[in-house]
There are 2 protein chains.
Amino acid sequence: MSPRVGLDQKMIVNVAAQLADTEGVESITLANIAKKLNVRPPSLFNHIQGLPSVKKELALLGMTILYEKLKVASNNKTKDEAIFALADAYVNFVKEHPGLYQFTIKAPETDEKELEKVSNQIITLLSDILTAYGLSNEDKIHGIRALRSILHGFSSLVQMGAFGLQISVKDSFQLMIEGYIESLKRLAQKNT
Amino acid sequence: MSPRVGLDQKMIVNVAAQLADTEGVESITLANIAKKLNVRPPSLFNHIQGLPSVKKELALLGMTILYEKLKVASNNKTKDEAIFALADAYVNFVKEHPGLYQFTIKAPETDEKELEKVSNQIITLLSDILTAYGLSNEDKIHGIRALRSILHGFSSLVQMGAFGLQISVKDSFQLMIEGYIESLKRLAQKNT
DNA sequence: ATTGCAAAACTAATGGCATTAGTTATAATA
DNA sequence: TATTATAACTAATGCCATTAGTTTTGCAAT
């Protein structure tokens, strides 16, 4: 009756992530996770603190994967090329992990050190790329915020099907990023 | 024990909206709504279909208020002035109604005609403003999508406290919108 | 090999939630 | 004043998360 399946937290969180992406955020319940693992819900408590802790772990997992994707995509690239690659990677991540992304961006209720650490790594990645444009430190911050807004906003709207399909969504994205990059350059000009 | 309080759907949805903005999205339960109305949860069912229907009504209410704010803000304005006013109104709406906004932007699970109607009114509002820039029809769509992405992304990130406070968030927004407007103009130039 | 033990998985039980069924009370109207 | 539709209620159901307490298992030490 209890052949010791060999559960652990990583397994639980991974199953939850799969569930989130395939069945939607609402499907993240301990009951559903347990079912997927052929286990009774209370058994999960030997490895996790409760449903809220699973959600926190999902946020961390999502943020970590996102960071890795962004890092790999922009690796060895600079300026425009790096931005385009990173932006593509961001949108693709959200497309591949729509459910996980929702947990990733949800504001944490408590201070989550690890999550904040990975989040800061992403900011640093963006910052390093923008450095090449020769902006002032303050303008670089503005640039980072704008890029984050664009990426998050666009990805979210695509994910929720907010854009019609007559006109190419890919083209919209390309133009938007081009516009962003040009405004970065203009900002750098002003600063000289 | 049942002095006929005079409930109706509007009252229920309004209380839910208040609750969402003050206590957060998680607090939207029939139990909490009933408590706020000094009524037992089953009484609500005389006026609403169930919790999901309340959430749909919240989405509609949010979208409607948002549309009204955007319309009023941009009324009698054109081009840059209209965009700045509308953008400000958007961000302010999210600031004033953080909880309601979450329901407003959540992808509807079923075809919601009314919601789609108001959503389309917002698109039309944006479209009318962008028309003044003399873009091609297709570029105008791209421009609308970019603006929606910027507004939603920025507002969401502000709302979830994703931006540090050392550097002015207002300045970031101003610069971002300026950059957007200039890229609109550049796009129009290319098209001539 | 056998035994002991920590931990994994279980069953049972609790409390909160949404929702349904069926009852009572009220306000409008005939 | 009597009738009736319906608002609000109580009671009951089922699902969920979680806790308590029990059984089982696999490793580890003899």
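Per chain, numbering begins at 1; letters A, B, ... match sequence-line order.
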Task: Nearest-Å distance for atom pair CE/P, residues A/Met11 and C/dA8 - done: 12 Å

Open item on the list: Can you identify which nucleotide, out of D/dA17, C/dA9, D/dA7, has its nearest atom closest to the B/Asn46 side chain?
Closed with: D/dA7

- [ ] Rounded to the nearest angstrom, tell me the gap between atom CZ in B/Phe45 and atom C1' in D/dA11.
- [x] 15 Å

Open item on the list: Measure CG/A/Leu44 against C1'/D/dC16 and give the value in whole Å, please.
Closed with: 13 Å

TODO: Measure the distance from CG on A/Leu37 to C1' on C/dA8 and round it to the nearest whole Å.
DONE: 14 Å

TODO: Answer yes when B/Glu68 and B/Lys71 have at least one side-chain N-carboxylate O distance shorter than 4.0 Å, and no when they do not.
DONE: yes

Task: Spacing between B/Lys35 atom NZ and C/dA18 atom C1', to the nearest angstrom - done: 14 Å

Open item on the list: Looking only at the aromatic ring of each residue, does the gap between the centers of B/Phe93 and B/His97 stay below 6.0 angstrom?
Closed with: yes

TODO: For the side chain of B/Ala31, starting at C-beta, report the closest nucleotide among C/dT19, D/dA8, C/dA18.
DONE: C/dA18

Open item on the list: Measuring only between side-chain heavy atoms, which start at C-beta, is A/Phe173 closer than 4.5 Å to A/Asp88?
Closed with: yes

TODO: May I have the distance from A/Leu30 (atom CG) to D/dT19 (atom P), rounded to whole angstrom?
DONE: 11 Å

Open item on the list: Please determine whether a side-chain nitrogen or oxygen atom of B/His47 lies at a distance below 4.0 Å from atom OP1 or OP2 of D/dA8.
Closed with: yes

Task: Shortest side-chain distance from A/Thr29, nucleotide among C/dA8, D/dA8, D/dA17 - done: D/dA17

Task: Interatomic spacing from OG in B/Ser149 to CD1 in B/Ile144 - rounded to 0.5 Å - done: 11.5 Å

Task: Closest to side chain of A/Pro42, choosing from C/dT11, C/dC17, D/dT10 - done: C/dT11

Task: A/Ile33 CD1 to C/dA9 P, straight-line distance once rounded to whole Å - done: 15 Å

Task: Protein-nucleotide distance (B/Arg40, atom CZ; C/dG16, atom P), rounded to Å - done: 14 Å

Task: Six-ring centre of B/Tyr90, B/Lys69 cation under 6.0 angstrom, axis tolerance 45° - done: no

Task: Phosphate-side-chain proximity, A/Ser43 and C/dC10, N/O vs OP1/OP2 below 4.0 Å - done: yes

